[in-house]
Amino acid sequence: MSHRFGNVSVNMRSDLWLHHRPLVVLLGPTAVGKSRIATHVAKHFDTDVLAADSRQVYRGMDIGTDKPTAEERRRVPHRLIDLVDPGETFNAGWYRRVALVEIERLYSEGRLPFIVGGTGLYIRTLVRGLCPAPQADPHVRAGLKKLKDERGREGLYAELMRVDPETAARLHPNDESKVTRAIEVYRLSGRPLSAVQAEHGFHETPFSALLIGLERRKDILYRRIEERIDWQLTHGMVEETRSLLGQGYGRELGSMKGLGYRQVGAYLAKECDYDEMVRRFKRDTRRFAKRQMTWFRSEAEVKWLSIEDNEPYERTAERVIARIEQFVSVIGQRKQLATMLHVS
RNA sequence: GCCGAGGUAGCUCAGUUGGCAGAGCACAGCCCUGAAAAGGCUGGUGUCGACAGUUCGAUUCUGUCCCUCGGCA
């Protein structure tokens with residue numbers, strides 16, 4: 001596989017990686033077809049798939065998160081999957097930390113880090129960094145929950161206006177989770193989140209990143225979403241949810257609020273009938289895909305590849321590979337030029 | 001053919017004692033720095049079935065017609 005990196009020699013690779021830190025990201029909305037294409041691409045570059053997926057990190061949530069199959073994992077190692085139990089907390093900060101370890105490992109092996117996923121924030125923490133605010137703290141959150149219960153959203157928002165008027169101005173009073181987080185940062189660090197963010201500004205560029213976005217016509221994507229959900233429901237989605245609930249993972253957990261588990265959970269609690277559950281599952285997933293596209297469109301540097309409806313996934317994979325080879329080649333030429341200048 | 005009921009937003013329907021047409025759902029647009037498959041914000045010109053009449057003014061009242069769904073033939 002070493003000869004695949006354009007005109008970059010094997011000997012240079014490790015050195016090249018360390019200097020230029022190339023990072024390839026394959027992103028796109030749910031059900032666009034990332035996983036299958038990614039396995040193909042990763043195989044080609046003899047590298048691993050590093051997932052950027054906030055749901056596949058949970059052990060035991062397999063069908064509902066559309067995890068890669070055993071066969072796919074045998075062909076290509078998939079990392080950043082199955083990291084925690086559904087009852088444990090996981091967030092963007094944790095993701096970044098563990099992802100960086102995997103990325104460094106690949107560099108040390110002279111391989112190309114290849115991120116694949118649809119969690120926009122997680123991808124951003126790699127490509128542009130994360131501001132050095134303190135981690136989430138359960139005690140502080142419990143205190144803020146109490147404040148909210150006693151004085152409502154207005155009370156919570158009033159507290160934010162007191163400690164961080166700038167962030168308050170940016171957030172809607174109803175956006176409880178973000179209001180809570182902003183107050184939490186202030187309580188833990190003594191500094192308003194707005195100040196920490198202003199310093200950071202998402203300006204870190206730790207990697208030479210290539211972002212490739214996969215997109216499809218909206219009606220086709222929506223059809224694929226529905227087909228996938230039908231498949232999940234006939235392949236154990238309900239049983240998987242029942243089993244998780246049976247293990248004590250309640251519906252209030254963040255992990256259980258994910259798509260599918262939330263709707264099936266409501267069905268199992270007899271809050272709606274089966275057909276209504278399916279309807280909500282599909283609807284909410286469509287809405288999610290739409291939000292993902294809104295997020296990704298604002299990532300200016302994404303190179304979009306539009307997938308035709310009847311395009312075989314091998315063909316798409318080839319197009320992705322071509323993009324990556326071009327990217328690696330450009331970096332290689334830059335490196336060679338730098339070496340020449342240095343020598344002469 | 002006759003007798004009912006109905007035709008208002010993509011869908012289901014409400015409503016206007018005649019005065020700029022409104023809900024739910026669906027959908028669309030957007031925001032996002034440790035919950036991100038989460039959380040939050042915003043969005044309604046639609047020949048009120050068609051034509052005519054009454055009226056200052058008709059989606060609303062009257063008439064005729066068309067269409068849909070029941071029932072009877």
Side-chain angles (χ1 to χ4, degrees), chain A residues 27-31 51-58 61 64-67 84 86 88-99 117-138 140-141 144-145 148 153 156-157 164 166-167 169-182 184-185 188-189 192-204 218-219 222 225 228-229 232 251-265 276 279-299:
Chain A
L27 57 81
T30 189
D53 190 306
S54 68
R55 299 294 141 171
Q56 291 185 356
V57 301
Y58 294 111
M61 303 186 113
T65 65
D66 205 38
K67 269 189 204 155
V84 296
E88 296 180 271
T89 59
F90 194 86
N91 57 45
W94 282 105
Y95 176 78
R96 179 162 187 272
R97 247 165 270 132
V98 293
T119 303
L121 180 62
Y122 286 11
I123 291 169
R124 192 179 281 178
T125 68
L126 298 179
V127 175
R128 288 156 60 182
L130 188 64
C131 71
Q135 292 180 43
D137 181 296
V140 174
R141 292 210 172 177
L144 292 172
K145 171 88 166 50
K148 187 249 163 183
R153 283 178 164 171
L156 201 62
Y157 188 70
D164 186 353
E166 207 173 309
T167 299
R170 188 171 63 79
L171 297 178
H172 193 279
N174 288 348
D175 202 346
E176 210 178 298
S177 70
K178 291 190 178 72
V179 170
T180 299
R181 169 61 183 164
E184 174 185 58
V185 169
L188 289 169
S189 68
L193 176 62
S194 51
V196 182
Q197 288 180 342
E199 263 173 38
H200 182 258
F202 262 134
H203 293 323
E204 278 181 67
K218 188 174 278 179
D219 55 337
Y222 283 7
I225 285 171
R228 188 178 73 191
I229 289 173
Q232 289 172 317
R251 293 168 63 200
E252 73 289 348
L253 290 172
S255 58
M256 292 298 281
K257 283 187 185 160
L259 288 169
Y261 300 101
R262 174 203 297 259
Q263 293 82 5
V264 175
E276 174 62 11
R279 191 187 71 81
R280 292 183 192 173
F281 190 178
K282 291 178 176 177
R283 177 199 64 187
D284 293 345
T285 305
R286 282 195 297 271
R287 290 176 176 173
F288 168 58
K290 192 170 171 333
R291 263 181 284 133
Q292 282 180 300
M293 286 307 291
T294 300
W295 175 282
F296 291 138
R297 268 195 296 263
S298 70
E299 294 282 3

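What you see is a predicted model; the values in this text were computed from it and never measured. Numbered from 1 within each chain, the chains take letters A, B, ... in sequence-line order.
- For G6(B), the glycosidic angle deviates from 0 by more than 90°, giving an anti base.
- Side-chain contact between F288(A) and T30(A) is present, with heavy atoms from C-beta onward closer than 4.5 Å.
- Checking G4(B) for Watson-Crick or G-U wobble geometry (two distances, each under 3.5 Å) identifies C69(B) as its partner.
- Residue contacts for R291(A): at a heavy-atom cut-off of 4.0 Å it reaches a base atom on one of the strands shown.
- Protein atom CG of L253(A) is 13 Å distant from nucleotide atom P of G39(B), rounded to whole Å.
- The CE-P distance, from M293(A) to C31(B), rounds to 13 Å in whole Å.
- When both pairing distances are held under 3.5 Å, C41(B) makes a Watson-Crick or G-U pair with G29(B).
- When the nearest nucleotides of RNA chain B are assigned to A198(A) and G64(A) by heavy-atom distance, the more 5′-ward of the two goes with A198(A).
- Across every strand in view, A14(B) sits unpaired, with no contact that passes the Watson-Crick or G-U test at under 3.5 angstrom.
- For A23(B) and A14(B), the P atoms lie 16 Å apart once the distance is rounded to whole Å.
- Across all strands, T65(A) comes closer than 4.0 Å to base atoms (heavy-atom distances).
- Distances from the side chain of R262(A) to the nucleotides A38(B), G40(B), A35(B) place A38(B) closest.
- Atom CZ in F281(A) sits roughly 16 Å away from atom P in A26(B) (whole-Å rounding).
- Base pairing analysis places A9(B) opposite nothing; no Watson-Crick or G-U wobble pair with both distances below 3.5 Å involves it.
- Here R181(A) lies in heavy-atom contact (under 4.0 Å) with a base.
- Taking only side-chain nitrogens and oxygens, R97(A) never comes nearer than 4.0 Å to OP1 or OP2 of G34(B).
- Of the two residues near RNA chain B, R287(A) and G120(A), the one whose nearest nucleotide lies more 5' is R287(A).
- Contact of the K282(A) side chain with the Y222(A) side chain is not registered, since no non-hydrogen atoms from C-beta on lie closer than 4.5 Å.
- In this entry the distance linking CZ of F90(A) with C1' of G34(B) reads 10 Å, nearest Å.
- Remark: U54(B) base-pairs with no nucleotide; criterion is Watson-Crick or G-U wobble with both hydrogen-bond distances under 3.5 Å.
- Nucleotides U68(B) and U62(B) are separated by 24 Å at their P atoms, to the nearest Å.
- No contact: T30(A) has no heavy atom under 4.0 Å from any strand.
- G1(B) and A9(B) are spaced 28 Å apart, taking the P atom of each and rounding to whole Å.
- Between the P atoms of A73(B) and G22(B), the separation comes to 47 Å (whole Å).
- Taking atom CG on L259(A) and atom P on A35(B), their separation rounds to 18 Å, with Å as the unit.
- G15(B) and C2(B) are spaced 30 Å apart, taking the P atom of each and rounding to whole Å.
- Residue side chain K218(A) does not reach the base of A28(B) through any donor-acceptor N/O pair under 3.5 Å, judged by distance alone.
- Residues A133(A) and V196(A) share a closest heavy-atom pair of N-CG1, 4.1 Å.
- Between U60(B) and U54(B), the distance separating the two P atoms is 15 Å to the nearest Å.
- Counting all heavy atoms, side chain and backbone alike, E299(A) lies closest to R124(A) at OE2-NE, 2.8 Å.
- Between the side chain of K178(A) and the base of G39(B) there is at least one donor-acceptor pair of N/O atoms closer than 3.5 Å.
- Rounded to whole Å, the C1' atom of G18(B) lies 14 Å from the corresponding atom of C48(B).
- When every heavy atom of I123(A) is checked against every heavy atom of F296(A), the shortest pair comes out as CD1-CE2, 4.4 Å.
- One N or O donor and one acceptor, one from the side chain of D175(A) and one from the base of G39(B), sit under 3.5 Å apart.
- Residue-nucleotide stacking is not present for W295(A) and C32(B), judged by a side-chain ring centre under 5.5 Å from the six-membered base ring centre and planes under 30° apart.
- Using a 4.0 Å heavy-atom criterion, one finds that Y95(A) contacts no nucleic acid atom at all.
- Taking atom CZ on R279(A) and atom C1' on G24(B), their separation rounds to 11 Å, with Å as the unit.
- The distance from atom CZ of F288(A) to atom P of G39(B) is 12 Å, rounded to the nearest whole Å.
- If you take atom P in G46(B) and the same atom in G53(B), they sit 28 Å apart, rounded to whole Å.
- Residue M61(A) is tested with M256(A), R55(A), Q56(A) for a side chain to side chain contact (heavy atoms under 4.5 Å, CB included); the sole match is M256(A).
- In this structure, C48(B) makes no Watson-Crick or G-U wobble pair, since no nucleotide meets both defining distances under 3.5 angstrom.
- Counting only N and O atoms by type, the side chains of S194(A) and R170(A) include no donor and acceptor under 3.5 Å apart.
- Between the CD atom of Q292(A) and the P atom of A36(B) there is a distance of 13 Å, rounded to whole Å.
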